[in-house]
**Student:** 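Starting off with a structure, shown below.
In the text below, chain A, chain B and the rest are named by the order of the sequence lines, each starting its count at 1. These numbers come from a predicted model, not from an experiment. Excluded from the calculations below are hydrogen atoms, water molecules and symmetry mates; all remaining heavy atoms, backbone and side chain alike, are included.
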Protein chains: 2
Amino acid sequence: MARSRVTIRDVAAAAGVSRQTISRVINGSDLVSPETEARVRDAVRQLGYQPNAIARSMALGRTQTLACLSPNLTDYTFASVIDGAEAAVRARGYFLMSSSAPDPDTFASLVGELAGSGYIDGILVINPFADNRHRYLPHAFPTVLIGARPRAGVVDSVALDDVEAGRMATRHLWVLGHRQIATVTGATCRGLFTRSIKRL
Amino acid sequence: MARSRVTIRDVAAAAGVSRQTISRVINGSDLVSPETEARVRDAVRQLGYQPNAIARSMALGRTQTLACLSPNLTDYTFASVIDGAEAAVRARGYFLMSSSAPDPDTFASLVGELAGSGYIDGILVINPFADNRHRYLPHAFPTVLIGARPRAGVVDSVALDDVEAGRMATRHLWVLGHRQIATVTGATCRGLFTRSIKRL
DNA sequence: CTGAAAGCGCTAACAC
DNA sequence: GTGTTAGCGCTTTCAG
């Protein structure tokens, strides 16, 4: 188990240097002599050392982990966004912890728990205006809204211009010569699409 | 930010007791006098204290966090499983960090990183036999396979009896009097379904 | 019932 | 270049 794993101390002993030097090598500091570095890397390899992320987070005050909250995980649109977010996040050396909050209450308590526990460096909120959950957005905590309308204003947000998207799709069909164009939507966006088409 | 938050120290000072006592109250130890406890709870509330999960993990040697790895997040079946797992996990006071590993390589590196970093107490693997990724399952690390065939054996696993499920569905239709029964599937399970129907 | 001391594994700030 | 000294915030002995 995690408890029994080899620590920076063991590596230091094996390489005959101080822990600090190990830390330097691990974090790519360039103030280490090439030979020392080589010796350290050897020790690391032989002992199968992997730095403990928790201890690191503790010392650094940040966890390299982001949370992503969405109403649910099964909605294909949400899932796609999360998938993309995860790839982007990981490419930058972060982890993503995705959770779903079906209702505002769950959302509120999750946000409180996540933002307050120190487990997370920032939060991504998908569909922040669903059932008024934006009222429970974390205060003074790094947050990005996804799928927010641009009006979000105060916080950073990624918005999709649904109206323009509809217009583009319709125009495409129109250009192809189609004149009988139907749209299948849910209740909420029906109005937008209709308007979009009219204005073409 | 996390760094500026109120710590157990502040609460201790405010309540006029030692940190240890705060810790006891937080963790529901019963060796604290009712009045002390009340005083502590007051201080906690007034200062808006929330224990730091990282520090806690550090001291405890576990993180109360599980990881769930699936080939992707957008497959409805996977997403449903994750959604369920998350609810179950949370109900037991854990967090769930779901990640997707589209290919065996990603899977292998993710597993190594997660299992070795101390960030995670255990791993859930969805569809462990997809593209042979079971070869890269973590060694000596708490793991549960989901969607594994019962033959998994060595590790704990949750299996779905696809054949019996198909049989049940078909029988249901049969009983209703239907005789023309079709099945729409992907390439991999076609054989199973066909057999299931034949044996009815 | 409560407190004091030590330590989890790592990194930052200073020496040398 | 490299080592030493302090912590990060919490919990666990072990004393009182």
**Student:** In whole angstrom, what separates A:L60's CG from D:dG7's P?
**Tutor:** 17 Å
**Student:** Under 4.0 Å: is that the gap between some side-chain N or O of A:R56 and OP1 or OP2 of C:dG9?
**Tutor:** no
**Student:** Tell me which nucleotide among D:dT2, D:dT12, C:dG3 gets nearest to the side chain of A:L31.
**Tutor:** D:dT2
**Student:** Are the aromatic ring centres of A:Y76 and B:Y76 under 6.0 angstrom apart?
**Tutor:** no
**Student:** At under 4.0 Å, does any side-chain N or O of A:S23 touch on OP1 or OP2 of C:dA12?
**Tutor:** no
**Student:** Could you tell me whether A:D42 and A:R39 have a side-chain N and a carboxylate O separated by less than 4.0 Å?
**Tutor:** no
**Student:** Which nucleotide in the set C:dA5, D:dC10, C:dA12 lies at the smallest distance from any side-chain heavy atom of B:Q20?
**Tutor:** C:dA5
**Student:** Taking only the side-chain nitrogens and oxygens of B:S57, find out if one of them lies under 4.0 Å from OP1 or OP2 of C:dC8.
**Tutor:** no
**Student:** Test A:V81 against every option in A:I146, A:D75, A:V158, A:N127 by the side-chain contact (heavy atoms from CB on, under 4.5 Å) rule and name the one that passes.
**Tutor:** A:I146
**Student:** Taking atom P of D:dT12 as reference, at what distance in whole Å does atom CD1 of B:I8 sit?
**Tutor:** 11 Å
**Student:** In this structure, how many angstroms lie between the C1' atom of C:dT11 and the CD1 atom of A:I26, rounded?
**Tutor:** 10 Å
**Student:** Among D:dT12, C:dG3, D:dG9, find the nucleotide with the atom closest to the side chain of B:M58.
**Tutor:** D:dG9
**Student:** To the side chain of B:R19, which of C:dT2, D:dT11, D:dT2 is closest?
**Tutor:** D:dT11
**Student:** Give the rounded distance in Å between these two atoms: CD1 of A:I54 and C1' of D:dC10.
**Tutor:** 13 Å
**Student:** Indicate whether any N or O donor in one side chain lies under 3.5 Å from an N or O acceptor in the other, for B:S80 and B:D83.
**Tutor:** no
**Student:** Toward the 5' end of DNA chain D, which comes first, A:R39 or B:Y49, by nearest nucleotide?
**Tutor:** A:R39
**Student:** What about A:R24: does its side chain form a donor-acceptor pair under 3.5 Å with the base of D:dG3?
**Tutor:** yes
**Student:** Looking at B:T21, does any N or O in its side chain come under 4.0 Å of the phosphate oxygens OP1/OP2 on C:dC1?
**Tutor:** no
**Student:** Does C:dT2 have its OP1 or OP2 closer than 4.0 Å to a side-chain nitrogen or oxygen of B:T36?
**Tutor:** yes
**Student:** For A:D121 and A:T63, does a side-chain donor sit closer than 3.5 Å to a side-chain acceptor?
**Tutor:** yes
**Student:** When you measure from the side chain of A:A59, which nucleotide among D:dG7, C:dT2, D:dG3 comes out closest?
**Tutor:** D:dG7
**Student:** Mapping A:G16 and B:P51 to their closest nucleotides on DNA chain D, which lands nearer the 5' end?
**Tutor:** A:G16
**Student:** Does atom NE2 of A:H172 have more than 12 heavy-atom neighbours from other groups under 6.0 Å away?
**Tutor:** no
**Student:** Separation of A:N52 atom CG from D:dC8 atom P, in whole Å?
**Tutor:** 18 Å
**Student:** Go through C:dT2, D:dT2, D:dC10 for me and flag the one nearest to the A:V32 side chain.
**Tutor:** D:dT2
**Student:** Is any side-chain N or O of A:S18 closer than 4.0 Å to OP1 or OP2 of D:dG3?
**Tutor:** yes
**Student:** Roughly how many Å is it from CZ in B:R9 to P in D:dC8, rounded to a whole number?
**Tutor:** 6 Å
**Student:** Please give, in whole Å, the distance from D:dC8 P to A:R62 CZ?
**Tutor:** 17 Å
